[in-house]
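Values below: all heavy atoms of this structure, side chains included; hydrogens, waters and symmetry mates excluded. Sequence lines set the chain letters: A, B, ... in the order given, protein chains first and strands last, and positions in each chain run from 1. Worth saying up front: this structure is predicted, and the values here are computed from it rather than measured.
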Number of protein chains: 2
Amino acid sequence: MDQYFDAQRPLYEVKANLFKGLSHPIRVSVLEVLTRKAEVSVTELLTSTGLESSHLSQHLSVLRRHNLVVAERRGSQVFYRLAYPQVADLLRVARSLLVEILQTTHEQLATSAGLPELVQDPS
Amino acid sequence: MDQYFDAQRPLYEVKANLFKGLSHPIRVSVLEVLTRKAEVSVTELLTSTGLESSHLSQHLSVLRRHNLVVAERRGSQVFYRLAYPQVADLLRVARSLLVEILQTTHEQLATSAGLPELVQDPS
DNA sequence: TCGTGATATGATAAAGTCATCAAATCACGA
DNA sequence: TCGTGATTTGATGACTTTATCATATCACGA
């Protein structure tokens, strides 16, 4: 069992660790492929991410270690799936938050775009 | 506008950046205080986190930069609130995922606990 | 057993984050 | 204006993560 899933650790620490596992674009990208298709082979993930195999493997290892995915070897191929459906939920909520942020910041941009230009200092 | 909220950036990159903002225990802890109480002063956060003020402030700055919180100064005091309600949703879903993970890993532990002890090598 | 495809692991420099202390800034009353 | 409380920002060494290449391991057919 990973040291982070120790009953003694405060939940906010465990949460922060979970978010660490999600903090790389490639790893988010992999998880999103897995929300769309129940099971995906490493070969397929290599294609969809465009990574070299050992690079992808390092990231997959992080995902496994954080209990975000499970791997199953079948012959010489390995297939990955989301470890829990809540992982997909998390990505979904993150998306809706980002959409909200994007809208708000665009509104702010639109507002500031109406401001007069700065008067250039003559000196 | 933060460079991460550029319409050109893929969503998985923006998401990963969001998760980075959430990847420290103190920052999760602050956000959770803010899910329980609409608005909290820095002084209060200092008490609830037990941090020294400049340490907390560094983390608050990360939260602001990631659009997770908004700050409002009133006199010599500054009050923080969640920037969007979806931040609380995110923490909630993370929690339910972790509960699931914890249950599953505990089940696995309970299973492996029934295995016989390793036979000690005589050499 | 060997060769090959598929995948994981090891190693390490560079980049990024964290922890912590020093200094600066803001607000306000005397 | 000065002193003080509250808070932020700057600086920097320690620690962690990322990127990338080398190597090892697993599976399988010849």
Please report, rounded to the nearest Å, how far the P atom of C/dG10 is from the NE2 atom of A/His59.
17 Å
Just to be sure I understand the rule, does B/Phe79 reach a base, reach only the sugar-phosphate, or reach nothing, if contact means heavy atoms closer than 4.0 Å?
nothing
Is B/His24 close enough to C/dA19 that one of its side-chain N or O atoms is under 4.0 Å from OP1 or OP2 there?
yes
Given atom CD of B/Glu72 and atom P of C/dC26, what is their separation to the nearest angstrom?
18 Å
More 5' along DNA chain D: A/Val62 or A/Arg74, using each one's nearest nucleotide?
A/Val62
Below 4.0 angstrom, which residues in residues 27-58 of chain B have at least one non-hydrogen atom near DNA chain C?
B/Arg27, B/Ser54, B/His55, B/Gln58
Rounded distance (Å) that lies between atom P of C/dC18 and atom CG of A/Asn17:
12 Å
Please say whether more than 12 non-hydrogen atoms of neighbouring residues, nucleotides or ligands are located less than 6.0 Å from CZ in B/Arg64.
yes
Using OP1 and OP2 only, check whether a side-chain N or O of A/Arg64 sits under 4.0 Å from C/dA8.
yes
Distance in angstrom units between B/Arg73 CZ and D/dG5 C1', rounded:
11 Å
Would you mind reporting whether B/Val33 and B/Leu45 have side-chain heavy atoms less than 4.5 Å apart?
yes
Can you name the closest pair of heavy atoms from A/Lys15 and B/Leu91 and give their distance?
NZ-O, 3.2 Å
Who is the Watson-Crick or G-U wobble partner of C/dA11, with both distances under 3.5 Å?
D/dT20
Checking the side chain of A/His24 only, and the main-chain atoms of A/Ile26 only, is there a donor and an acceptor separated by less than 3.5 Å?
yes
State which of D/dA27, D/dT8, C/dA8 makes the closest approach to the side chain of B/Leu60.
D/dT8
Please answer whether the main-chain N or O of B/Gly21 pairs with a side-chain N or O of B/Arg27 as donor and acceptor at a distance below 3.5 Å.
yes
Has B/Tyr80 got a side-chain N or O lying under 4.0 Å from the OP1 or OP2 atom of D/dA6?
no
Upstream residue (5' side of DNA chain C) when A/Lys20 and A/Ser61 are each assigned their closest nucleotide
A/Ser61
Rounding to an integer number of Å, can you tell me how far A/His66 NE2 sits from D/dT17 C1'?
11 Å
Close side-chain approach of B/Leu102 to B/Leu98, heavy-atom, < 4.5 Å
no
For the residue pair B/Leu18 and B/Asn67, establish whether any side-chain heavy-atom pair is separated by less than 4.5 Å.
no
